[in-house]
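Report on the following structure.
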Amino acid sequence: MPLKLSWVASANGADHPFPLNNLPYGVFSTAGTDPRCGVAIGDMILDVRAAHAAGLITVGGTRVFDPPSWNAFMALGQDAWADLRDRLTAMLAQGSDAQAALEPHLVAANAAQMHMPIEVAEFTDFYAGRHHATNVGTMFRGADNALPPNWLHMPIGYNGRASSVVVSGTDIRRPWGQIKGPGDDTPRFAPSQRFDMELELGAIVGTPSDGPLSVQDAFDNIFGYVLLNDWSARDIQAWEYQPLGPFQAKATATTISPWIVTAAALAPFRCDAPVREVPLLDHLRDAGPMGYDIDLAVTLTPNGGAPTTIARTNANALYYSAAQQLAHHTAAGCPMRTGDLLGSGTISGAEPHQRGSLLELAWGGQDPFQLTDGQTRSFIEDGDTLALSGHARGDGFTVGFGACVGTLLPALATPYAR
Ligand code: MN
């Protein structure tokens, strides 16, 4: 499928992240206006709420775009998702007679502030990157016990917190926590000294469910995807994680990119999962290509310094698809809600430069890596900005995710200061 041409001229570049082929959904505001639903097209944002109010979009009844989130629309289900995408594609296409009516509802993206695109119902984080699981397991438990015995049989995950999910651009505060290093006799309560990031893809559940889902039904219930940075305090994690998994180490914040790239936009980039080392049980068995070929990168920029790309990898390295994770999530009867967010787990490739966390890139602090300005890093330092990027490359077009950015602020002087 080639680049689809739009009358929004800036959308017609082979490298632009938001061509007509993409049409990602977000929530934006401009100076003096309230947040509302929009769709990115080139360097512009189409005000979906205004276009709906003007009768140019008739999908979903009269109130669906009143709230500043996509939840009400997502809850309408697959037919409505396809109807809106078809309508927007037709109206924004080169030669459309809707151009004159739509033009007043376009705003420049560089004049807009982005907000959370959804109300996150609940947040679950998985661990589906095999190289990441192997690397972290080697550091935490030794090479002989690196991959847990259950790992090749099911997607490992934990229930996180919706309340700590924030949109790209939100500053992150270095946390305090309980820490006990290998050489410490007793734990202490102190600012984390091993604060890290995780390069992940987030899947957003659109259609709610109540009971076990097949992998195919789970795939169909996923509305779209975002980039996701699961900020992680490794020193807190190492002391707390057994026996119930991470808790305070993951409680500070999780950043998502502001644009939801729909499953429909990513359809041309579906790919098969990695080779299965052991057969999966029936409830997880592969039901077609449900991974994605998406190039991913991480950039670290010190305060006032130059950016360094510290990792490049691809989402096709994930051992379990979001559909398999969602199917497994429902297997014991867990109801899923519109707006549920599922983190993929850190996406690392086999090569050292493909590692999606600083923990792996600097091997637990044993092997600090270089930045372009001569500084070195083992973990994130105060003032560092971490940015994730993601691009799927088609034949003459790109489907991009937009930025997923956060800057680390120093810890508070005492944990209880306000
Ligand atoms: Mn994670």
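Remember, it's 1-based here, ligands and their atoms both numbered in the order they're listed. We're numbering straight along the sequence, starting at 1. For the numbers below, each heavy atom of this structure counts, side chains included, while hydrogens, waters and symmetry mates do not.
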Please report the C-alpha distance between Arg36 and Asp47 in whole Å, then the side-chain angles of each, then the deciding distance to 0.1 Å, and finally whether the salt bridge (charged side-chain N to carboxylate O under 4.0 Å, His left out) criterion is met. CA-CA 7 Å; Arg36 55 206 186 271; Asp47 185 333; 2.6 Å; yes
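- Checked by atom type, the side-chain pair Thr346/Ser357 shows no donor-acceptor distance below 3.5 Å.
- Looking at Glu198 and the Mn ion (ligand 1) together, the shortest N, O or S contact belongs to OE1.
- Summary: OD2 is the N/O/S atom of Asp125 found nearest to the Mn ion (ligand 1).
- The N, O or S atom of Asp230 lying closest to the Mn ion (ligand 1) is OD2.
- Between Gln237 and Ala249, the shortest heavy-atom distance links the atoms CB-CB, 3.4 Å.
- Taking each heavy atom of Trp176 and Ile236 in turn, the nearest pair found is O-CD1, 4.0 Å.
- Glu200 contributes OE2 as its N, O or S atom closest to the Mn ion (ligand 1).
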